[in-house]
Each structure stands twice: as structure tokens, then as C-alpha cells.
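Take a look at the structure below.
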2 protein chains.
Amino acid sequence: MNFDLSNLRQKFKDRDYKLTPQRQIILQVFIDNRDKHLSAEDVHNIVRQQANDIGLATVYRTLELLSELEILQKIDFGDGRSRYEINETSSPHHHHHLICLTCGRVIEFADDLMEDLENIIAENSNFSIVDHQVKFYGYCQECQMKRDE
Amino acid sequence: MNFDLSNLRQKFKDRDYKLTPQRQIILQVFIDNRDKHLSAEDVHNIVRQQANDIGLATVYRTLELLSELEILQKIDFGDGRSRYEINETSSPHHHHHLICLTCGRVIEFADDLMEDLENIIAENSNFSIVDHQVKFYGYCQECQMKRDE
DNA sequence: CTGTATGCAAAGCATTTGCAGAAAC
DNA sequence: GTTTCTGCAAATGCTTTGCATACAG
């Protein structure tokens with residue numbers, strides 16, 4: 001997906017949404033933090049550095065909007081808050097995370113095999129799959145080494 | 001896993017937990033509803049039919065306890081509340097759900113391929129996997145048919 | 001101009017916690 | 001008998017909402 005401003009501006013225009021300064025600033029946060037999984041509070045804290053009067057409610061409303069536009073992907077790591085990442089691919093797919101049970105670190109991984117699995121499941125269950133989320137829990141390399149010490 | 005009472009009683013005793021009437025009643029709810037994914041509120045409502053003075057806090061505390069004992073499995077379908085199901089297998093594995101985006105129905109499916117995928121990921125990423133959760137979002141057969149009408 | 005977006009504060013939910021009384025073992 | 005457990009109510013943490021004002025198109 002293309003994340004230059006003119007492209008995004010069009011996406012807003014198409015749906016009659018206004019591209020306000022607040023929304024631009026929040027968008028920029030995600031463009032600058034492609035590899036992170038930011039919570040609403042994270043975004044609010046970052047955003048306040050350049051515009052300290054943006055309300056938390058606006059952040060929430062914008063995150064919801066950007067998810068609806070498929071610019072962001074909402075993810076849930078089970079830590080009691082929703083997190084968001086920029087949706088790099090055009091299809092809402094490929095969100096796979098390795099979550100370390102010791103340090104909580106989240107590691108991304110690319111997949112190809114899930115597609116095959118999807119097809120098999122679709123065949124066996126008459127379920128039409130449009131998206132999947134996969135989380136693996138375990139221990140990252142660093143925590144494994146610490147454990148062995 | 002064996003879910004008869006004497007077995008469970010032992011499990012409590014081993015850890016110096018008391019098998020109170022409230023805990024027995026809550027356990028029974030899950031034994032009677034093996035195929036369901038019950039929220040704390042669901043459990044509270046069912047439990048109140050036979051003992052209307054069990055507090056919601058006790059339900060929450062018991063669900064946490066039973067999860068810790070690996071009698072229950074806590075799952076999250078992203079609907080804002082935690083759900084619990086009895087842990088049929090001895091290892092905390094094989095929780096795979098097809099979630100219908102139209103009606104919200106949750107369909108279980110058994111897997112074998114995930115084990116292979118786990119092994120490949122472990123090799124490629126030096127991540128030691130102990131558990132996984134997989135959710136597929138899509139449309140169940142019934143909703144597909146309604147859609148076509 | 002007009003309807004949408006914002007900030008603030010208050011409300012809403014699921015869940016957790018403090019505490020005094022109750023009850024397993 | 002003691003320690004653990006319970007019920008209640010209050011507190012918490014994330015998120016949503018109502019409303020008057022501000023502003024993008």
C-alpha cells in the first residue's frame with residue numbers, strides 16, 4: 001500500500017471524511033513507526049509532543065476511522081488494550097506475531113503456509129475465510145539464553 | 001484430561017486450594033457445557049439459578065484459579081470480554097476457532113498442520129513456542145447462504 | 001455556510017481489589 | 001482455630017459518548 005499524503009488524502013475524500021490536522025498528525029505517527037504496535041495511549045503521548053491539546057477521545061476516534069479505512073490494522077495481544085499497526089499490504093492479511101511469555105516482546109514473522117491452511121479449512125468446514133490472526137506464545141532467543149544462565 | 005470430582009479434588013488439594021461449594025458449582029457449569037465458550041457473566045447467570053448469592057467477583061476469581069490449574073482455557077474473541085472453555089486436552093494446545101463476521105458464531109476445528117508450522121517457525125526464528133492461538137474470520141455456511149438470497 | 005470533527009468531562013463496561021464476615025480443613 | 005474464601009461495594013483501566021464549540025470543505 002502506498003502511504004504518501006496525496007494518496008491518503010484521496011482515500012479520505014472518497015468517503016467524505018475530513019483530513020484534519022489532528023488526523024494528519026496521528027497518521028504521521030504510524031508512518032514514522034511502521035514496526036511498532038502502538039496503543040491509543042502510546043499514540044496520544046507521541047502526538048502530544050507536537051500538539052499538546054489533542055484529546056484522547058480524538059485519538060480513539062481517529063484510530064477507529066483509520067482501521068475502517070484499512071490504513072491501520074487493529075490487533076489484540078491480550079494485554080487489555082488494543083494496539084494498532086500500519087497495514088503494509090493491501091489485503092488485511094499476514095498479521096502474525098510471536099509473543100514472548102517472559103519479556104512480552106512481540107516479534108513479527110512472514111508466512112506463506114497459512115494460505116495453504118486456510119484453503120484446507122475452507123474446504124473441510126464450508127467456512128469462507130476472509131482474514132486470520134495467529135499468535136504464537138513462547139520464549140524469545142534472548143529470554144531462552146537468560147533462562148539457561 | 002479426567003474431569004471426575006475426585007480427580008479435581010486432588011488437583012485442588014495438591015496446591016492447597018479449597019474446594020468450596022461455589023467452586024464446585026462453577027466447575028459443574030463447565031462440565032455441563034463442554035462445547036460452549038462462556039464469559040464470566042454467562043457463568044454468573046447460569047450459577048445463580050442454583051445459588052443466587054454467588055458474587056460476580058467470586059466467579060472471576062474462580063475462573064482465574066481454574067485457568068491457573070489448567071482446568072479451563074481462557075480465550076479471547078475480541079468482543080471485549082474473556083471467555084473460558086474446559087481444557088479437554090492435557091496440553092494447552094489446539095484452540096482454533098472460525099469466527100463468523102456476520103452472526104458471531106464460533107466454530108471449532110481440529111488441526112494437525114499447525115504443529116508443522118510451529119516447527120518451521122521455531123527453526124527460522126529461534127523462538128521457542130509453547131502455545132498458539134489461531135483465529136480465522138469469515139462467513140459461516142448459513143450466513144453465506146443468507147447472503148446469496 | 002453547514003455539517004463534520006474536536007476537546008472536555010462524564011458515562012460505560014469488564015475486571016480487580018479492599019475489607020469484614022463466613023467457612024473449609 | 002487459622003488461613004483461605006466469599007460477597008459486597010468501591011475502585012480501576014480502557015474505551016465510548018454527549019455536548020457545546022471550532023473548523024474543513
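This is a predicted model, so every value here is computed, not measured. Below, each value reflects all heavy atoms present in this structure, side chains not excepted, and no hydrogens, waters or symmetry copies. In what follows, chains are A, B, ... by sequence order, proteins preceding strands, each numbered from 1.
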field: Between A:N119 and A:E123, a side-chain donor and acceptor under 3.5 Å
entry: no
query: Between atom CD1 in A:I26 and atom P in C:dT6, what is the gap in whole Å?
result: 8 Å
- prompt: Quick one: A:R61 CZ to D:dC19 P, roughly how many Å, whole number?
  reply: 13 Å
message: As an exercise, state the distance from CG of B:L8 to CD1 of B:I31, rounded to the nearest 0.5 Å.
response: 6.0 Å
task: Calculate the interatomic distance between A:E64 atom CD and D:dC14 atom C1'; express it in whole Å.
output: 14 Å
field: Value in whole Å for how far the C1' atom of C:dC8 lies from NE2 of A:H44
entry: 11 Å
Minimum-distance nucleotide to A:R23 side chain [options: D:dT6, D:dT15, C:dT6]: C:dT6
- line: Where DNA chain C forms runs of at least three Watson-Crick or G-U pairs (i with j, i+1 with j-1, under 3.5 Å), the stems are C:1-25 with D:1-25
message: Rounded to whole Å, please give me the gap between CG in B:D53 and C1' in D:dC5.
response: 13 Å
Nearest-angstrom distance from the residue atom CD of B:E41 to C1' of C:dG12: 13 Å
A:I120-B:I107 co-clustered via ILVMFWY side chain contacts under 4.5 Å: yes
query: Within the pair B:R81 and C:dC13, is there a side-chain N or O less than 4.0 Å away from OP1 or OP2?
result: no
message: For B:E85, is there an ion pair with B:K74 - N to carboxylate O distance below 4.0 angstrom?
response: no
query: So what does A:D16 hit on the nucleic acid, given a heavy-atom distance under 4.0 Å: a base, only sugar-phosphate, or nothing?
result: nothing
Step-by-step side chain to side chain donor-acceptor pair (under 3.5 Å) determination, A:E41 to A:Y60: CA-CA 9 Å; A:E41 201 189 341; A:Y60 274 104; over 6 Å; no
Nucleotide D:dT16, atom P - distance to CD of A:E68 in whole Å: 13 Å
query: With a 4.0 Å cut-off on heavy atoms, is B:S39 in touch with a base, just the backbone sugar-phosphate, or nothing at all?
result: nothing
task: May I ask you to check whether A:Y84 and A:E64 show a side-chain donor-acceptor distance below 3.5 Å?
output: no
Pick out the pairs of N or O atoms, protein on one side and nucleotides 21-25 of chain C on the other, that lie under 3.5 Å.
residue : atom : partner : partner atom : Å
C:dA24  : N3   : B:K18   : NZ           : 3.0
C:dC25  : OP1  : B:L19   : N            : 3.4

message: As a quick check of understanding, evaluate side chain to side chain donor-acceptor pair (under 3.5 Å) for B:Q10 and B:D14, giving each step before the final call.
response: CA-CA 6 Å; B:Q10 189 57 43; B:D14 289 348; 2.8 Å; yes
- prompt: To the nearest angstrom, how far is B:L56 atom CG from D:dA9 atom P?
  reply: 13 Å
